[in-house]
Student: 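Can you read through this structure? Questions will come right after.
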Amino acid sequence: MSEQKLEIKNVSKRFGNVIACNDVNLQITPGTSTSIIGPNGAGKSTLLNIICGEVLPDRGNVMWQDTLLIGHTIQDIARLGIARMFQDLKLFDAMTVYENMLVYAQTITRYRRAAPQRFVAGSDNIDEQIEVALRQLNLLDVADRRVRELSYAERKLVALGRVMITRASVVLLDEPASGLDKVNLEIMLEVIEALKASGTVLLVVEHNLSIVERLASRAILIEEGSVIADGSPAEVFRDSNFGRVYFALQETT
Ligand SMILES: Nc1ncnc2c1ncn2[C@@H]1O[C@H](COP(=O)(O)OP(=O)(O)O)[C@@H](O)[C@H]1O
Ligand SMILES: [Mg+2]
């Protein structure tokens with residue numbers, strides 16, 4: 001049986017003169033929840049974009065369970081079980097909350113019918129699954145509202161809902177906590193914790209250090225595209241590199 005491991009090998013990416021990813025090597029093992037931290041422009045989003053197929057690296061490979069992801073489309077990578085929540089959400093604004101969820105659920109189930117082991121772990125009924133997710137997100141009351149009419153926090157929870165409904169094995173979250181009020185932040189964090197408890201491999205870009213401590217068993221510090229510290233959050237927070245870049249981090253929080 002292939003190993004449930006996400007492997008990033010010698011990945012580099014430049015945008016003009018900017019080195020967004022500089023020979024990144026990482027192994028993300030099952031049952032782990034990893035936070036990616038670092039100043040603005042460090043290359044955190046680019047790394048997630050490379051994993052999910054949104055950005056093609058100049059060099060290097062990304063492997064998931066012995067499958068080479070580089071060169072696959074973003075849709076194919078999603079169908080392989082890797083779901084991404086974007087910093088700018090990328091919702092279907094003219095569609096309702098329910099419809100946003102349905103589009104994602106249908107895209108994935110159509111494929112998973114061939115290999116349904118993970119999807120059928122819960123209920124087989126899509127409507128039921130959407131309802132369960134919306135209830136967890138406290139969005140049932142707005143299920144039939146168009147997404148563009150919602151508050152930022154509600155929109156952000158819809159974006160998380162779409163990730164939940166795919167039942168992905170790997171979930172990539174880009175600053176899920178930013179801009180949320182206390183109540184919605186708690187909903188967001190509880191759902192992420194539930195994903196973590198269900199064995200989902202989490203990779204979360206996050207600035208808030210107390211949230212990093214709460215969600216992550218591992219922290220990876222990135223500066224100018226390079227990994228400069230990697231370990232438990234406590235270890236990384238003690239690292240001399242962390243102290244050096246911490247002011248930049250604070251300015252972006
Ligand atoms: N599509 C792009 N075109 C040009 N430059 C980009 C693009 N995406 C990211 N960059 C640049 O790459 C660097 C890393 O960006 P990003 O990965 O978004 O950083 P972070 O998420 O850590 O703030 C930044 O200097 C950014 O301006
Ligand atoms: Mg970013």
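Just so you know, ligand 1 is whichever comes first in the structure, and atom 1 is the first atom listed for that ligand. All figures in this text were calculated on a predicted structure; none of them were measured in a lab.
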Student: Passes side-chain contact (heavy atoms from CB on, under 4.5 Å), Val212 versus Val236? Steps please.
Tutor: CA-CA 11 Å; Val212 171; Val236 169; over 6 Å; no
Student: Would you check if there is a donor-acceptor pair between the side chains of Lys196 and Ser217 at a distance under 3.5 Å?
Tutor: no
Student: Quick one: do Asn49 and Phe86 satisfy side-chain contact (heavy atoms from CB on, under 4.5 Å)? Show the steps, please.
Tutor: CA-CA 9 Å; Asn49 283 337; Phe86 288 91; 3.8 Å; yes
Student: Verify side-chain contact (heavy atoms from CB on, under 4.5 Å) between Lys156 and Asn184, making sure each step is shown before the conclusion.
Tutor: CA-CA 9 Å; Lys156 205 152 186 176; Asn184 286 304; over 6 Å; no
Student: Answer yes or no: is there an ion pair linking Arg244 with Glu223, defined by an N-O contact shorter than 4.0 Å?
Tutor: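 Salt bridge between Arg244 and Glu223, a charged N being under 4.0 Å from a carboxylate O: yes.
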Student: Taking Asn25 for the side chain and Asn10 for the main chain, is one N or O donor matched with an acceptor at less than 3.5 Å?
Tutor: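 A pair under 3.5 Å: yes.
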Student: Using a strict cut-off of less than 4.0 Å between a Lys/Arg side-chain nitrogen and an Asp/Glu carboxylate oxygen, indicate whether Lys44 and Glu175 qualify as a salt bridge.
Tutor: no
Student: Are Ile37 and Phe242 close enough, and set up right, to give a side-chain contact (heavy atoms from CB on, under 4.5 Å), and what steps lead you there?
Tutor: CA-CA 10 Å; Ile37 58 177; Phe242 177 82; 3.9 Å; yes
Student: Answer yes when Lys182 and Glu186 have at least one side-chain N-carboxylate O distance shorter than 4.0 Å, and no when they do not.
Tutor: no
Student: Tally of protein N/O/S atoms under 2.8 Å from the Mg ion (ligand 2)?
Tutor: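 If we list every protein N, O or S atom nearer than 2.8 Å to the Mg ion (ligand 2), we get 2.
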Student: Listing by chain and number, which residues have a heavy atom under 4.0 Å from ligand 1?
Tutor: Phe15, Val18, Ala20, Pro39, Asn40, Gly41, Ala42, Gly43, Lys44, Ser45, Thr46
